[in-house]
Asks: 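Got a structure for you, written out below as structure tokens; questions coming shortly.
For the single chain, residues carry numbers from 1 onward in sequence order. It should be emphasised that the depicted structure is a prediction, and the values quoted were computed from it without experimental measurement.
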Amino acid sequence: MNILAVETSCDETSASVLDNDIVLSNIISSQISHNKFGGVVPELASREHLKNISAIVSKSLDSSSKQLKDIDVIAATCEPGLIGSLLIGMNFAKSLAFTLNVPFIPVNHIQAHLYSNFLNGQKPEFPFIGLIVSGGHTLLIHVEDFFRHKIIGYTLDDAAGEAFDKTAKLLGLGYPGGHHIDRLAKAGDRNYHKFPLTIVKESKYNFSFSGIKTSVLYYLRKINFENVKTDSLSSVSGGVSANSRLQEKFEKLTASGYKVYFPKSEYASDNAAMIGLTGYLKYIHTKDKSEFNLQSLNYLAKPRLDYDNF
Ligand code: KG4
Ligand code: ZN
């Protein structure tokens, strides 16, 4: 099955073509116009998506050596994200699906980060603990099976990547700054200054980064993996999963019998390949495929901005 996928939830315009779970192309265009503002400007993001989406989709088809007539289903991010940005990619993808008369699969961006470790033949075993650490989200999820998962922890304030980005801004490193801090930290002295760790009293699985903007990596200490006896597996994903120190910390867990998955860097930050994979998984695991028929009057996919539908 050939899947064409589109991602425009924030400041990356991305399109990908997959053959089942195998990525044939994954084109990502990161908008740089936000850099001078120190964060994503929603209206600018929508405009850039609108300008680029058509060319990015064509490029992803070209580099996959597939044509529109080869596409069996179309998937797009529909939630959560910046409303203007979501609307561009989602409606572009819907129109294409309508024209080609193929199913359209709405994808939840967070679920896509969660399943990004299933790309290209990789098959983490269920159940596992998923940690999503990105610019906009920090979630700890217990995953029993495909689309059977429960959020068990989340940040009470900033997202992990946001904490990195704000810190980078304070240090004059530009936006987004997570990878700059990562690079500079390698040459730094870990013990030079101890930043305070915020303990969230109400739940040991929740996170808080607002008071400790320069110590995002400490959150690992709050996760008591020993308590989750049945889950010897974990999957880490999202832009911040590219962080060296975070990977180092998780690698230590492998010594105590845990199997840990990290996505390749091109699938860690926002990308359409993970959207295509999640669309594919959704399609093969949904019995009533008419749910994905755009011609159907019952079709309800619309952008959402929260975790309600997770
Ligand atoms: O997943 P992503 O592309 O966007 C969201 O869905 O939010 O993640 C982007 C975030 C940014 O905050 C960026 O600073 C951070 O990931 N990031 C990193 C690293 N590479 C990207 N943070 C820490 N270390 C890195 N190596
Ligand atoms: Zn993301």
Side-chain angles (χ1 to χ4, degrees), residues 4-18 23-64 75-78 80-90 92-93 107 109-110 112-113 116 119 132-138 159-169 171-184 216 237-244 246 262-278:
L4 170 65
V6 169
E7 152 67 35
T8 61
S9 67
C10 192
D11 58 341
E12 262 88 28
T13 316
S14 179
S16 171
V17 178
L18 294 90
V23 182
L24 303 180
S25 70
N26 185 34
I27 308 295
I28 306 168
S29 164
S30 294
Q31 304 176 353
I32 50 166
S33 56
H34 306 283
N35 296 13
K36 58 177 176 292
F37 300 106
V40 179
V41 182
E43 180 61 18
L44 268 184
S46 316
R47 284 164 192 249
E48 289 236 2
H49 287 308
L50 191 58
K51 209 163 65 191
N52 296 331
I53 185 77
S54 186
I56 297 291
V57 169
S58 301
K59 206 169 161 189
S60 89
L61 281 162
D62 286 351
S63 64
S64 71
T77 312
C78 291
L82 301 172
I83 185 77
S85 296
L86 285 170
L87 281 168
I88 307 288
M90 191 186 92
F92 187 92
V107 171
H109 183 90
I110 314 289
H113 274 304
S116 59
L119 280 164
I132 299 172
V133 270
S134 73
H137 311 280
T138 304
E162 194 180 351
F164 270 108
D165 294 337
K166 285 180 177 170
T167 305
K169 202 170 164 186
L171 296 169
L173 296 172
Y175 171 87
H179 65 288
H180 291 304
I181 295 183
D182 189 8
R183 179 176 44 84
L184 292 169
V216 68
S237 50
V240 183
S241 68
N243 185 267
S244 324
L246 180 64
F262 278 89
K264 275 171 70 179
S265 65
E266 66 207 276
Y267 307 127
S269 291
D270 289 351
N271 66 91
M274 67 179 190
I275 304 299
L277 190 263
T278 309

Asks: What heavy-atom pair brings Ala273 and Asn26 nearest, and what distance separates the two atoms?
Replies: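 The answer is N-OD1, 3.2 Å.
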Asks: Can you tell me how far OG of Ser9 sits from CE of Met90, rounded to the nearest 0.5 angstrom?
Replies: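 Result: 13.0 Å between the selected atoms.
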Asks: Does one side chain, of Asp182 or Ser244, offer a donor that lies under 3.5 Å from an acceptor on the other?
Replies: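 Short answer, yes.
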Asks: Can you tell if the side chain of Val23 reaches within under 4.5 Å of the side chain of Ser16, non-hydrogen atoms only?
Replies: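 Side-chain contact under 4.5 Å: yes.
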Asks: Can you give me the closest heavy-atom contact between Ala159 and Gly136, atom names plus distance?
Replies: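 Shortest heavy-atom contact: CB-C, 3.4 Å.
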Asks: Could you tell me whether a side-chain N or O of Ser269 sits under 3.5 Å from a main-chain N or O of Gly239, the two making a donor and an acceptor?
Replies: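 No, Ser269 side chain to Gly239 backbone: no donor-acceptor pair under 3.5 Å.
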Asks: Do you know the tightest heavy-atom contact between Ser29 and Ile56?
Replies: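 Result for this residue pair: CB-CD1, 3.6 Å.
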Asks: Can you name the salt bridge (Lys or Arg N to Asp or Glu O under 4.0 Å) partners of Lys264, sequence neighbours left out?
Replies: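 Residues passing salt bridge (Lys or Arg N to Asp or Glu O under 4.0 Å) with Lys264: Glu266.
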Asks: For a quick test of reading the model, state the closest non-hydrogen atom pair linking Pro80 to His137 and the distance between them.
Replies: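 What the structure gives for the nearest pair is CG-CE1, 4.0 Å.
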Asks: Could you state the interatomic distance from OG1 (Thr278) to CG (Leu18), rounded to the nearest 0.5 Å?
Replies: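 Reported to 0.5 Å precision, the distance equals 9.5 Å.
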Asks: Applying side-chain hydrogen bond (donor to acceptor under 3.5 Å, both in side chains), name anything that partners Asp270, two or more places apart in sequence or on another chain.
Replies: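 Partners of Asp270 under the side-chain hydrogen bond (donor to acceptor under 3.5 Å, both in side chains) test: His109, His113.
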Asks: What's the separation between atom CG in Leu44 and atom OG in Ser33, rounded to the nearest 0.5 Å?
Replies: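 Rounded to the nearest 0.5 Å, the CG-OG separation comes out at 5.0 Å.
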Asks: Determine, stepwise, if the pair Phe92 / Thr8 fulfils side-chain contact (heavy atoms from CB on, under 4.5 Å).
Replies: CA-CA 10 Å; Phe92 187 92; Thr8 61; over 6 Å; no
Asks: Between CG of Leu173 and CD1 of Ile181, what distance do you get to the nearest 0.5 Å?
Replies: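 Spacing of CG (Leu173) from CD1 (Ile181) equals 6.0 Å.
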Asks: Between Thr13 (side chain only) and Ile53 (backbone N and O only), is there a donor and an acceptor less than 3.5 Å apart?
Replies: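 No: the side chain of Thr13 does not pair with the backbone of Ile53.
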Asks: Given Tyr267, which partner from the list Leu119, Ile28, Leu277 fulfils the side-chain contact (heavy atoms from CB on, under 4.5 Å) test?
Replies: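 Checked Leu119, Ile28, Leu277 against Tyr267; only one passes side-chain contact (heavy atoms from CB on, under 4.5 Å): Leu119.
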Asks: Report the residues that fulfil ring pair (Phe, Tyr, Trp, His ring centres under 6.0 Å) with Phe262, sequence neighbours left out, ordered by chain and then residue number.
Replies: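 Phe262 satisfies ring pair (Phe, Tyr, Trp, His ring centres under 6.0 Å) with Phe250 only.
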Asks: Is there a donor-acceptor contact under 3.5 Å from the side chain of His179 to the main chain of Asn243?
Replies: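 Not confirmed, His179 side chain does not pair with Asn243 backbone.
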Asks: Return the set of residues passing side-chain hydrogen bond (donor to acceptor under 3.5 Å, both in side chains) with His180 (not counting sequence neighbours), or none when no residue passes.
Replies: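 If we apply the side-chain hydrogen bond (donor to acceptor under 3.5 Å, both in side chains) test to His180, skipping adjacent residues, the hits are Arg183.
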Asks: Side chains of Ile275 and Val6: does their closest heavy-atom pair fall under 4.5 Å?
Replies: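 Not in contact.
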Asks: Does Ser63 form a side-chain contact (heavy atoms from CB on, under 4.5 Å) with Ile27? I'd like the steps, not just the answer.
Replies: CA-CA 9 Å; Ser63 64; Ile27 308 295; 3.7 Å; yes
Asks: For the OH atom of Tyr175 and the NE2 atom of His34, what is their distance to the nearest 0.5 Å?
Replies: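 Tyr175 OH to His34 NE2: 7.5 Å, rounded to 0.5 Å.
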Asks: Look only at the side chain of Asp165 and the backbone of Ala168, and say whether a donor-acceptor pair between them is shorter than 3.5 Å.
Replies: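 It does not hold such a pair.
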Asks: Is there any salt bridge (Lys or Arg N to Asp or Glu O under 4.0 Å) pair reaching into residues 47-62, and which pairs are they, with sequence neighbours excluded?
Replies: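 Listed once each, the pairs are Glu43-Arg47.
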Asks: For the residue pair Gly238 and Ser241, what are the closest heavy atoms and their distance?
Replies: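 Heavy atoms only, the tightest pair is O-OG, 2.6 Å.
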Asks: How many angstroms lie between CD in Gln31 and NE2 in His49, if you round to the nearest 0.5 Å?
Replies: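 Between atom CD of Gln31 and atom NE2 of His49 there are 4.5 Å.
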Asks: Quick one: list whatever passes side-chain hydrogen bond (donor to acceptor under 3.5 Å, both in side chains) with Ser60, sequence neighbours left out.
Replies: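 Ser60: no side-chain hydrogen bond (donor to acceptor under 3.5 Å, both in side chains) contacts found.
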Asks: Do you know the tightest heavy-atom contact between Ala75 and Val107?
Replies: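 The answer is CB-CG2, 4.1 Å.
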Asks: Does Pro42 offer a backbone N or O that forms a donor-acceptor pair with the side chain of Ser46 under 3.5 Å?
Replies: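 Checking the backbone N and O of Pro42 against the side chain of Ser46, a donor-acceptor pair under 3.5 Å is found.
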Asks: Please test Ile110 against Ile132 for side-chain contact (heavy atoms from CB on, under 4.5 Å), starting from the C-alpha separation and ending with a verdict.
Replies: CA-CA 8 Å; Ile110 314 289; Ile132 299 172; 3.5 Å; yes
Asks: I'd like to know whether Glu12 forms a side-chain contact (heavy atoms from CB on, under 4.5 Å) with Asn271, so could you lay out the CA-CA distance, the side-chain angles of the two residues, the decisive distance to 0.1 Å, and finally the verdict.
Replies: CA-CA 7 Å; Glu12 262 88 28; Asn271 66 91; over 6 Å; no
